[in-house]
Every structure is written in structure tokens, then in C-alpha cells.
There are 2 protein chains.
Amino acid sequence: MTTTAGDHRYLQVARALRKEIVDGVYPVGSQLPTEHELCERFAVSRYTIREALRRLRDDNLVASRPRAGTLVVPRPSTNSYAQDVMSIDDLLAFAQGARFAIETNAMTTVDDALAERTGLSPGTEWLAASGFRRVDDDTAPVCRTEYYINRNFAAVGRLLQRHSGPIFPLIEDLFGVSVSEVHQEISAVVLPPDLAQRLQVQAGTAALQMQRTYTTSDGEIAQVTVNTHPSARFRHAMTLRRVRE
Amino acid sequence: MTTTAGDHRYLQVARALRKEIVDGVYPVGSQLPTEHELCERFAVSRYTIREALRRLRDDNLVASRPRAGTLVVPRPSTNSYAQDVMSIDDLLAFAQGARFAIETNAMTTVDDALAERTGLSPGTEWLAASGFRRVDDDTAPVCRTEYYINRNFAAVGRLLQRHSGPIFPLIEDLFGVSVSEVHQEISAVVLPPDLAQRLQVQAGTAALQMQRTYTTSDGEIAQVTVNTHPSARFRHAMTLRRVRE
DNA sequence: GGTAATTTGTCCGTATGTATA
DNA sequence: ATATACATACGGACAAATTAC
């Protein structure tokens, strides 16, 4: 008698919906029936429906928004046939060798100028640390680095001096959160005189400014980092490779 | 707003448990209290506890087994579990809207200066096309673009005028090759006076220079592109997301 | 070795919150 | 402003499996 019954109801529902989505019953962009309607159709509780939909969301088949319903999202295989193999660690590799000398390290309130630069909300408090990164103590700095760290994780501030690599693993280890997303923006700037002097380059030199925002799985911003590299000493390189599915 | 302390019980519970785990209240290998005990302790329903534990599981902090309870697992310590989901299309998205006006289009022999800039072998011949890209015919250009196309694929040169998007799909379609790898290097430059004038910005302005090399599955370089964007009009953004395996 | 207790996983019904069309 | 639909939250129940007796 258990022949028809596979596993667990919510898996059966998930399978059924998945099949209908790939069969085109619910084409990309269309709305799935509401959870209530699905409850009636499958004669199960809302818990079961939601558990099934959670599986479909985990597979990036659908996306749900309050009031907007649950809609079928385009399959990632159509036009975005490229995926890259760069890891977050590659992204940070450049920082490995250099030593970070802290100059400032204090709680700061985000003003409008900083908010504009970093995207942080004005008025919020962050641990701000800044300094210069160099490979040798005697050579010119590689870059100027600014950290803005979520106050909840400000305890890492004490470790910054001794630490040399990227610091978000520190936050992960100390607080048990995991960074699920890193957003990076790269822009070109002309160095102002004071900063040029500190970086030991001529005023008017171009610099690459790389800003990274680290977001935890809770959707909370853990850290924002701004690196300013004189153009002569830095070039950002990455390689995308197509992978078969 | 969005004060981290606030909303959603299951997030509060998750944070509390996370803290106790990293503080060593529940060391690695130990058992967490049962869900029922946690319900009593936090005075919440089992739904809330389970939702909190789900978060901890998603972060690989704990593992639950039926009947065995929930136990604290060692952190995956290795820093290699990060992969990104950016596609080549994302990389090229910016080029979609803009129109490309060709100024030069001719076979060229790579001299030492060009070899230095692009990595191409001196003495080899490439179809060189350059021009300016603008969204509107009347507005200032978005960037200056230089193409260097493998002579084997030089036939695409005739299509460049009419074509607006990225051109490597053109090469793929016409010649049946497939681009398997894209290498990108980003650097900052100060615009020389002549180029600044053509881009309608002040001399001495910073610009982002993005150079991409497209390699086919044969290991042959199909195309090299150099885009020069005045800093005010361009910012390179990308997002890395960790994907579960 | 069989049995009972325990604990997670699944499932139900219901109620309230919240964001959106 | 109102209705809608997902998100969160509560309480209760049984199943299956593992541990302890």
C-alpha cells in the first residue's frame, strides 16, 4: 500500500510542483497558486505547502514576496551560461602578504559623507579602523585601508594589530556567523595631496578604490572595507571560466 | 531603524545560541539542550526554536540527528568553501545599452607599447577597432573602447557598426568556437589630455581601465578589449555569493 | 535482547504581523 | 485605506529511530 507514497508529503508536493514548473504549466514569470490554494489542491496543511515551497526556493526555482505571491524565476541556465571559479579567498589573496599598521581605531557615527561613500546608514555606529598596508616596514605602503565593522562584532578590534590577513574570517570564528555575500565596487579616484603623501606618490596620481561589503546570512552588514591602491602598485585581476552543468 | 537587536524571535534565539556556542558554553562536540528544553528556557514555541536551529545548521554550527539530538560541530575552518555566482553576462551587462561608434577599423601589427598594455605578442597582426560608446548620440561618451580581434575572426569587423552588445557571442556564432575563459584586469589611470577631451571631461581626471582577454577552448586568444571609463560615469560592481554544495 | 523513554522530524489548525497591490 | 498573501508564531499530535534500561 505504500507504493504510491514516496517520502514525506512536503517532498511529494515539492516534486509535483517542480515537475509542473519544468513542464511549463507554470512558465517563468508566472505566479504560482497561493499557499491557501495549494493547501486545498493537495489537501495538506499550510505547513506542508510552505515546507515544499522552501525546497523550491532553495533550488532557486521560485521566489516569494509578501503580498506579491510566489513566482517562477528564470532558470540560471538560459542566458547566463557562464559561472566563474574565483573564490572569495582569491579576492582577498592580495592582502595576505602585507602587514597592516593601524593608525586609528575607534567607534564612529556615520555622517552623510561617509554614508555616501560606503552605503551605511547615517547615524549608525561602527568600529572604524584605518591604516596603511605594506609588505616591508621600510617600503612605501601598498594601500590605505579603512575598516568599518558592525558594532556587534567590534570585539575583533583588539585583534587587528596582530592579525595580517583578511578579517572577516575572524568575525566568523569569533561570533559564529557566516558571511554569505560579498559585494565589491571598484572605482577610480585621483589621490588628494595628503593621502598621496602618505602613500608616497605624487599628488594627482590615479588610484584604484575597492570597496567591499560583507553581509551575513542574516542579511546584516558585518563589515565594510575600503582599500585605496595607487595605480602603479596595483591591478585587479580575475578570471572567469565557463563550467558545464 | 533595523536595529539588530530587534525583530523576530527566532533570530534572537539564534543569536543567543550562537553566542553561547562561540563562547564555549556549548563546546564543539557537545550536545545542545533538547528543543523542548530550549522552548522552556526561551519561553517560545517549538516552531521558533526549530527556525533558530535551522539558521545555525545553515551556518554549519550545529548538526541535528533524529533522536541523537543537536550537537555542536567543528567549524569547517578551511577557507575554501566560497564560490561565486557572477556570470560573464553580468560582467558585460553595462555594454548592453550603449551604442558603439567606430572610428578606426584596420589590421594592425602589435608594437612594443601595445604588447605591454595588452599582453599580445609583438609582431602579430590583429584587427584593431576603436571608438566611443555612448547611450545617446548627444551626450558625452560613456567610455572609449578598443578591440583587438584575432585575424582568424576578422570577418566580424564588418558587423561591428550595426552591433551594439558584446561581440564575443558574434565570434562564437560565426565561427563555431566557444569562449571558455575571460580574464579581466582593472587598473586606474589618469586621462591624458587628448583622450580627456574626446571623453568630454577635464584633463587630469581619473579613469577606470578594464581590459578583458577572451580565450577559446583551443587556448587561442580570440579577442582583447580595453575599455576606458571616466571615473564619474562608471563604477564596477560585482557580488560574490557563497553557494552550498 | 527486548522494551520503554526520549528526541528530532513531520504534520495539523489557528492566529497575528507585515508588506504590497 | 483595505484586502491580500506571505512571514512569523503558538500549541498539539504522532511517527520513527536511537538510546538507556
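All heavy atoms count here, side chains included; hydrogens, waters and symmetry mates do not. Because the structure is predicted, anything quoted here is derived from the model rather than measured. Letters A, B, ... mirror the listed sequences (proteins, then strands); counts begin at 1.
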Chemist: Under 3.5 Å, side chain of A:N150 to main-chain N/O of A:N152, donor-acceptor pair present?
Modeler: yes

Chemist: Looking just at side-chain N and O atoms, do A:T225 and A:Q223 make a donor-acceptor pair shorter than 3.5 Å?
Modeler: yes

Chemist: With no hydrogens and no angle check, is any side-chain donor or acceptor of B:D59 less than 3.5 Å from a backbone partner on A:V177?
Modeler: no

Chemist: If we ignore hydrogens and angles and just use 3.5 Å, is the side chain of A:T108 paired with the main-chain N or O of A:A106 as donor and acceptor?
Modeler: yes

Chemist: List the steps and the verdict of side-chain contact (heavy atoms from CB on, under 4.5 Å) for A:D218 and B:R18.
Modeler: CA-CA 12 Å; A:D218 293 342; B:R18 203 194 309 268; 3.5 Å; yes

Chemist: I'd like to check A:L17 versus A:L53 (side-chain heavy atoms, cut-off strictly below 4.5 Å). Are they in contact?
Modeler: yes

Chemist: Taking A:F132's backbone N and O only, do any of them form a donor-acceptor pair with A:E103's side chain (distance below 3.5 Å, no angle check)?
Modeler: no

Chemist: How many angstroms lie between atom CG of B:L199 and atom CZ of B:R133, to the nearest 0.5 angstrom?
Modeler: 12.5 Å

Chemist: Under 4.0 Å from a heavy atom of chain B: give me the 5'-most and 3'-most nucleotides of DNA chain D that qualify.
Modeler: D:dT8 to D:dT19

Chemist: Can we call the ring centroids of B:Y147 and B:F100 under 6.0 Å apart?
Modeler: yes

Chemist: Polar pairs (N or O, both sides) under 3.5 Å between protein and nucleotides 4-7 of chain C?
Modeler:
| from | atom 1 | to | atom 2 | distance (Å) |
| --- | --- | --- | --- | --- |
| C:dT6 | O2 | B:R67 | NE | 3.4 |
| C:dT6 | O2 | B:R67 | NH1 | 2.9 |

Chemist: Does some side-chain heavy atom of A:S121 sit less than 4.5 Å from a side-chain heavy atom of A:V110?
Modeler: no

Chemist: For residues 43-56 of chain B, which residues have at least one heavy atom under 4.0 Å from DNA chain D?
Modeler: B:V44, B:S45, B:R46, B:Y47, B:T48

